[in-house]
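Here's the structure we're looking at; comments come further down.
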Amino acid sequence: MTDFVSRKAARLKQSETFAIKTRAAELNAAGQNVVDLSIGEPDIDTPEHIKQAAVEALRNGKTKYTATAGIPDLLKAIVDKYWRENGLKFETKQIIVTNGGKQALYSCLDCVLNPGDEVILQVPYWVSYVPMIEMAGGVPVFVRPPAQRAFKLSPQELEAAITPRTKMFIFNSPSNPVGLGYSEAEIKALGAVLEKYPHVLILSDEIYEKIVFRDFKFVSFAKACPKLADRTITAAGCSKSFAMTGWRVGWAAGPLAIIDAMVKHQSQTTSNINSVAQYAAVAALNGPMDSLTAAVKSYARRVGRAVEILSAVPGLRINSQPIGAFYVYVTFAELRDRCKNPLVLKSSSFARYLLDEGKVACVPGEAFGDDDAIRLSVAAPDVAVESGCDRIAACVGRLLKSV
Ligand SMILES: Cc1ncc(COP(=O)(O)O)c(C=O)c1O
């Protein structure tokens, strides 16, 4: 039957983060005590007032198709949010509500890319960008800012990657997997390059905008670069900020022509987002933020602890101190050089060793285009983060001892 699978679909791989999570769950089911630091999902429940809004929507019969772009109250809540929090002025028709941030990104790519169009991505990148670009017919163009520069893209590197075929630059701050953030001045410097190339769109993935710490000040790309606002699409959603990964509510905001194309795309594919989840999202955006504040505090604390433990491990290096999201990105190139053990030849073999021997699940850097690293998620209880990092330290200690 595999002959029936299209060439496009045959190229697709299961998302690596989900594959690891599945393997960790299997080991746990077999009685092994695995610490799972693989998945990027808040470890708290959706706040009560958000659930309550969904219950009310159900009771009030809000169970039918909605407008394709989203219910008016949610479109308004998103417009209000951008004005209140980000200083960006949108009209409701510049917004589309999508099935999570993921669908906002994919639908946007599908609506702007022609076959062979290039999309600039900085490495390490979030796992799904590459398959999304390829499914939409585009070609990813990778830029590799050095680890020693904390993986931060310079204006010169961005400019060198732009060609006449470039259609889009994907920007993600705070980033997955590094927890990297760009200041307003740094965004403006990238924007100054992009101003010279009017054929390039910007897709700014701001899904982690509310999860920031260490005094980092989040600024939307379109706010930092107002001259580029008419070619910037901002994507975000409720998943990470409001612990709503399962509800699937994301959105895109941007130029009318592109949002209009995305609405048509959605009308022919998924019609609209789950009606009840949209009412929940209105409550999330307009409601109290105290559980978010508490969650961010806990991510900051756990990131700090993980960095502290792992920075002290010989052979491991954290090149970028996370300023947001809930990940710690650990480079093990020195460990590979020192112990020359096949177990650390590739990030997948290292992650597999840590899972099988140390009983700690993390994601191999190859999923992010970088075979020198692993990513830990600290969206897990403090004790799990602490013991996961201790287990990694012990595994690395054993590898070095055997040299
Ligand atoms: C950088 C980035 N963008 C987008 C998403 C998608 O989020 P959602 O669950 O809302 O589809 C994720 C989720 O892991 C992410 O890390």
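Side-chain atoms are counted along with the backbone in the values below, which use heavy atoms only and exclude waters and symmetry mates. All values reported here derive from a predicted model rather than from experimental measurement. First listed ligand is number 1; within each ligand, the first listed atom is number 1.
- Residues L316 and E334 form no side-chain contact, since every pair of their non-hydrogen atoms from C-beta on lies 4.5 Å or further apart.
- For an aromatic pair to be called close, the ring centres must be under 6.0 Å apart, and F332 with F350 satisfies this.
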If you look only at distance, which donor and acceptor atoms sit under 3.5 Å apart when one is on a side chain in residues 57-67 and the other is two or more places apart or in another chain?
residue, atom, partner, partner atom, Å
N60, ND2, E56, O, 3.2
T63, OG1, G61, O, 3.4
T66, OG1, Q278, NE2, 3.1

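- Near ligand 1, G100, G101, K102, L105, W126, Y129, N172, N176, D205, I207, Y208, S239, K240, R248 each place a heavy atom less than 4.0 angstrom from the ligand.
- Residues passing the salt bridge (Lys or Arg N to Asp or Glu O under 4.0 Å) test with K8, sequence neighbours excluded: none.
- For the pair K152 and Y182, the distance from NZ or CZ to the six-membered ring centre is under 6.0 Å and the angle to the ring normal is within 45 degrees.
- In this view, V212 and P174, F216, F218 satisfy the side-chain contact (heavy atoms from CB on, under 4.5 Å) rule, not counting sequence neighbours.
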